[in-house]
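Note sheet for the following structure.
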Amino acid sequence: MIDLHSHTNESDGTFTPAELIQEALATGLEALGVTDHDTLAGYDAAAPLAAAAGLDAVCGVEVSTKLAGRSVHLLGYFAARPPAPEFREWLNDMQVSRRERNVRMAAKLRSLGIDITLEEVEAKGRSLAGRPHFARVLVEKGYVGTTQEAFDRYLDSSAEGYVQRREPRFEEAVERIAAAGGISSVAHPIRLGRDAERQIGGMQAMGLRALEAYHSDHSPRHTAEFLEIARRYGLAITGGSDFHGGAKPNIRLGSGHNNNLAIPRWLLDHLRALA
Ligand code: AMP
Ligand code: FE
Ligand code: FE
Ligand code: ZN
């Protein structure tokens with residue numbers, strides 16, 4: 001069993017890199033992709049621990065991109081070689097734009113009468129703080145009961161406290177990943193919505209290499225559909241649970257939601273061969 005999509009507390013997961021590796025070993029995984037949002041810090045910390053324990057850790061990242069006014073999460077895998085240094089610099093630029101957004105979002109929430117500071121939010125995160133970290137502060141201070149309520153009332157793009165962040169264009173992210181020696185894959189394509197196939201066709205024309213057909217949010221029917229779309233457009237296949245630890249308590253590493261995942265090992269061999 002393998003799992004190519006997981007998060008540590010360097011982004012919005014709750015497990016430290018060491019705890020994530022322990023969990024992967026306890027689960028009996030052969031390979032684990034560490035794919036934090038916009039940072040390689042979780043992978044960097046996990047890789048030597050995994051190597052010492054005989055677990056195959058795959059370097060990855062999940063970048064939030066903009067395409068036709070919508071947000072698309074793009075995975076980048078560096079399964080065959082480490083990412084070029086310019087790619088790390090590009091990710092660092094994203095930390096800068098996140099911080100700038102967080103300053104504005106804390107101010108906006110204060111203007112709505114909420115007692116919240118940037119320091120409190122950043123203390124919840126490590127390499128980066130995002131809206132999930134704002135949500136944790138709002139829950140802890142009793143402004144809302146749950147993370148979902150925090151998003152619905154304050155943080156969702158349609159809510160009062162929302163502040164936009166500069167996000168790279170999808171095309172740029174695809175190019176950056178390719179230039180750094182990686183393979184790009186659209187995360188949880190179920191979120192593309194109705195005309196997913198047409199959108200994926202457009203993405204393939206922009207240089208997309210793979211599709212995350214296996215994901216905890218996909219029913220067997222969705223998975224079959226995305227496998228077929230990948231075949232039609234000549235895209236490779238990736239898959240993972242999108243494990244976030246206690247931040248998404250119903251999702252298990254490797255097996256997903258109620259055992260709805262079984263990701264074949266050959267996907268990873270294929271990614272390595274492609275890269
Ligand atoms: P950010 O990168 O700071 O914009 O935060 C995005 C993250 O917030 C996503 O990866 C999700 O984990 C989470 N998120 C976004 N929208 C919602 C929502 N409506 N409800 C719950 N979580 C959300
Ligand atoms: Fe996340
Ligand atoms: Fe995602
Ligand atoms: Zn994810």
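Everything numeric in this text was worked out from a predicted model, so none of it was measured.
Counting only heavy atoms from C-beta outward, the side chains of His218 and Pro189 approach each other to under 4.5 Å. The closest side-chain heavy-atom distance from Met203 to Val72 is below 4.5 Å. Cys59 is listed as a side-chain neighbour of Pro83, based on a closest heavy-atom distance under 4.5 Å. Residues Tyr214 and Leu267 meet the side-chain proximity criterion, which asks for heavy atoms closer than 4.5 Å. Side-chain contact between Leu271 and Leu4 is present, with at least one heavy-atom pair separated by less than 4.5 Å.
The backbone N or O of Leu253 sits nowhere less than 3.5 Å from a side-chain atom of Glu23 that would complete a donor-acceptor pair. Between the side chain of Asp56 and the backbone N or O of Glu30 there is no donor-acceptor pair closer than 3.5 Å. A donor-acceptor pair under 3.5 Å is absent between the side-chain atoms of His73 and the main chain of Ser71, judged by distance alone. In this structure, the side chain of Glu149 engages the main chain of Gly145 through a donor-acceptor pair within 3.5 Å. Using a distance-only test at 3.5 Å, with no hydrogens or angles considered, a donor-acceptor pair links the side chain of Glu10 to the main chain of Ser127. Counting only distance, with no hydrogens or angles, the side chain of Arg209 and the backbone of Ala236 share no donor-acceptor pair below 3.5 Å. Counting only distance, with no hydrogens or angles, the side chain of Tyr154 and the backbone of Val144 share no donor-acceptor pair below 3.5 Å. Side-chain atoms of Ser216 come within 3.5 Å of backbone N or O of Ser241 as a donor-acceptor pair. Of the possible donor and acceptor atoms, one in the side chain of Thr35 sits under 3.5 Å from a partner among the backbone N and O of Ser6. In this structure, the side chain of Glu212 does not engage the main chain of Thr238 through any donor-acceptor pair within 3.5 Å.
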Residues Phe170, Val186; criterion side-chain contact (heavy atoms from CB on, under 4.5 Å); working and verdict: CA-CA 10 Å; Phe170 177 85; Val186 171; 4.2 Å; yes
Chi angles and distances behind the side-chain hydrogen bond (donor to acceptor under 3.5 Å, both in side chains) call for Asp242, His5: CA-CA 5 Å; Asp242 211 351; His5 190 159; 2.7 Å; yes
Evaluation steps, side-chain hydrogen bond (donor to acceptor under 3.5 Å, both in side chains), between Asp12 and His133: CA-CA 7 Å; Asp12 60 346; His133 303 92; over 6 Å; no
Derivation of the side-chain contact (heavy atoms from CB on, under 4.5 Å) call for Asn92 and Val96: CA-CA 7 Å; Asn92 284 338; Val96 174; 5.9 Å; no
Stepwise side-chain contact (heavy atoms from CB on, under 4.5 Å) test for Val63 and Met94: CA-CA 9 Å; Val63 182; Met94 265 185 280; 4.0 Å; yes
Glu62 and His7: CA distance, side-chain angles, deciding distance, side-chain hydrogen bond (donor to acceptor under 3.5 Å, both in side chains) verdict: CA-CA 9 Å; Glu62 181 174 16; His7 296 263; 3.0 Å; yes
Test side-chain contact (heavy atoms from CB on, under 4.5 Å) applied to Met105 and Arg131, step by step: CA-CA 9 Å; Met105 195 140 78; Arg131 287 180 288 160; 3.3 Å; yes
Check against salt bridge (charged side-chain N to carboxylate O under 4.0 Å, His left out), Arg88 and Asp44: CA-CA 12 Å; Arg88 287 178 179 271; Asp44 290 339; 2.9 Å; yes
Verdict with reasoning, Arg136 to Glu140, per salt bridge (charged side-chain N to carboxylate O under 4.0 Å, His left out): CA-CA 6 Å; Arg136 287 177 206 171; Glu140 219 169 83; over 6 Å; no
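Under the 4.5 Å side-chain contact rule for hydrophobic residues, Leu261 and Ile190 do not share a cluster. A chain of hydrophobic side-chain contacts below 4.5 Å, direct or via other Ile, Leu, Val, Met, Phe, Trp or Tyr residues, connects Ile116 to Val163. There is no path of hydrophobic side-chain contacts, each under 4.5 Å, that joins Leu211 to Leu75. Using a 4.5 Å cut-off between side-chain heavy atoms of Ile, Leu, Val, Met, Phe, Trp and Tyr, with links allowed through other members, Ile177 and Val61 fall into the same hydrophobic cluster. Under a hydrophobic-cluster definition in which Ile, Leu, Val, Met, Phe, Trp and Tyr are linked whenever side-chain heavy atoms come within less than 4.5 Å, directly or via other members, Val58 and Val34 are assigned to different clusters.
Between Glu120 and Lys124, no side-chain nitrogen of the basic residue sits less than 4.0 Å from a carboxylate oxygen of the acidic one, so the salt-bridge criterion is not met. Ion pairing of Asp217 with Lys248 is absent here, as no side-chain N (NZ or NE/NH1/NH2) approaches a carboxylate O to less than 4.0 Å.
The CG atom of Asp115 lies 10.5 Å from the CG atom of Leu138; values are rounded to the nearest 0.5 Å. Atom-to-atom distance recorded for Asp3:CG and Ser255:OG is 8.5 Å, nearest 0.5 angstrom. Note: Leu274 CG to Ile183 CD1 = 5.0 Å, rounded to the nearest 0.5 Å. Within the model, atoms CD1 of Ile237 and CD1 of Ile229 stand 11.5 Å from one another, a figure rounded to the nearest 0.5 Å. Considering CG of Leu55 and CD1 of Ile2, their distance stands at 11.0 Å, rounded to 0.5 Å. Rounding to the nearest 0.5 angstrom, the gap separating the CG atom in Leu67 from the CD atom in Glu167 is 11.5 Å.
Counting all heavy atoms, side chain and backbone alike, Ser97 lies closest to Arg165 at OG-NH1, 3.8 Å. The two residues Phe134 and Ala106 come nearest to each other via the heavy atoms CE2-N, 3.8 Å. Closest heavy-atom contact between Gly254 and Leu29: CA-CD2, 3.9 Å. Shown here for Tyr77 and Gly60, the closest heavy-atom pair between the two residues is CD2-CA, 4.3 Å. The shortest heavy-atom contact between Asn9 and Arg126 is ND2-CD, 3.4 Å. Closest heavy-atom contact between Thr117 and Arg110: CA-NH1, 3.8 Å.
For Arg98, the CZ atom counts as densely surrounded, since its 6.0 Å shell holds more than 12 non-hydrogen atoms of other residues, nucleotides or ligands. Surrounding CZ of Arg166 are at most 12 heavy atoms belonging to other residues, nucleotides or ligands under 6.0 Å away. With a 6.0 Å radius and a threshold of 12 heavy atoms from other residues, nucleotides or ligands, Arg99 has its CZ atom at or below the threshold.
Ring planes of His188 and His215: perpendicular class, angle over 60° (limits at 30 and 60°).
Not less than 6.0 angstrom separates the ring centroid of Tyr43 from the ring centroid of Phe78.
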